[in-house]
Amino acid sequence: MSAALLYALAGAALFAIGLAGLLLQPHLLRKILAFNILGSGVFLILVGLGQRDGTIDPVPQAMVLTGIVVAIAATALALALARQLLDLTGQMRLPEDRPDAEPADD
Amino acid sequence: MKAWLTALIALLCSGLALALGAAMLALPEFAVRLPGQVAANLDASGVAHPVTAVLLNFRGYDTLLEVAVLLLALLGVFALSRHASDHAHPAAPAHPVLQTLARLLAPLMVLVAGYLLWIGAYAPGGAFQAGAVLAAAGVLLRLAGLLPAWAQPGRLLRGGLALGLLVFLAVAVAGLPQGELLHYPPALASPLILLVEAGLTLSIGLTLAGLYLASAGWRQ
């Protein structure tokens, strides 16, 4: 197994961890962090698989560079929206994730 | 959240990771050799570094739209109305050591950004890395209390934010009579890419710094 493939496999693991965090964590800050972990997994897969035969492929590298900048912008917008929600409702959770919206047997 | 649902989601995500890993191990050989194609056309791209050639020449659309996305995200942050917040903390006065350090570092960071912009044509570097360093300088100055937050960006600042996208669009459209959008004439490719990258560096730096500085203005 080459090192590049190992990066890609680690990327798959990060993707799954991020997806689980996005679904399981009710706190919005944790959701945003999980989304970033998920995205980092995708970047690792792209770069890792792009060089699995030993030659470095500049095309996925450029795409990942583009993706990183977009991910930063999306994260900043998500943080601003989460903060807006905090200012308006005093909660860092989406309405369906709030404890008072859940049945009592939880 | 119910315990069985949590377990189910964890199980499904683990299964997904395993399936993805298995798919990667079973991948066939490359059908298209992109590195070879990039290397074969590198001489005509106007730059000597393959990643920069892909970003600014071969796949210029990606970069053009990315800058537009960056600007849109900033507009989104600006568009959120500001509310008096119970969660605002007044900024603590910055430590004098941090202020001195920021004063020393900021000009160096601008210098590094210029270097990264220039070296991008030959080695790893380019507009995004340079813009990120510029933005870091802005955030550092803000944290040291030397730069005010953006309550309402003025005309000059808004022009700077849009400059990169406008220069890129102008260069893209200027190639239209010769054939297609974003097609540089090979003789002019090198200076055109440097021009686009210089505009992008300024705008990306301002935009990334603005994403922080705009919401920092909510504290008041």
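Throughout, a chain's letter reflects where its sequence line sits, starting with A, and its residues are numbered from 1.
Only the backbone of Ile56(A) comes within less than 4.5 Å of a heavy atom of chain B; no side-chain atom from C-beta onward does. Both the backbone and the side chain of Leu70(B) have a heavy atom closer than 4.5 Å to some heavy atom of chain A. Both the backbone and the side chain of Leu27(B) come within contact range of chain A, with heavy atoms under 4.5 Å apart.
Scanning residues 49-63 of chain B against chain A with a 4.5 Å non-hydrogen threshold yields Pro50(B), Val51(B), Val54(B), Leu55(B), Arg59(B), Asp62(B), sorted by number. Contacts of residues 37-50 of chain A with chain B at a heavy-atom distance below 4.5 Å involve Ile45(A), Leu49(A), Gly50(A), listed in sequence order.
The two residues Val77(B) and Leu77(A) have their closest heavy-atom pair at N-CD1, 3.7 Å. Among all heavy-atom pairs drawn from Pro35(B) and Pro58(A), the shortest one is CA-CD, 4.1 Å. Closest non-hydrogen pair, Ala16(A) versus Ala17(B), comes out as CB-CB, 3.5 Å. In terms of heavy atoms, Gly21(B) sits closest to Leu9(A) at CA-CD2, 3.5 Å. The nearest pair of heavy atoms linking Met24(B) to Ala12(A) is CE-CB, 3.8 Å.
Separation of atoms CG (Leu79(A)) and CG (Leu211(B)) is listed at 10.0 Å; rounding is to 0.5 Å. Note that the CG atom of Leu88(A) and the CG atom of Leu80(B) stand 9.5 Å from one another [nearest 0.5 Å]. Here the CG atom belonging to Leu34(B) is positioned 5.0 Å from the CG atom belonging to Asp57(A), to the nearest 0.5 angstrom.
Heavy-atom pairs under 4.5 Å with chain B peak, among Leu19(A), Val70(A), Asp53(A), at Asp53(A). Residue with the most contacts toward chain B among Met63(A), Gln61(A), Arg52(A): Arg52(A) (heavy-atom pairs, distance under 4.5 Å).
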Atom pairs and distances, donor-acceptor, side-chain atoms in residues 126-137 of chain B, under 3.5 Å, two or more places apart:
none

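Scanning for side-chain hydrogen bond (donor to acceptor under 3.5 Å, both in side chains) contacts around Thr89(A) gives an empty result, with sequence neighbours left out.
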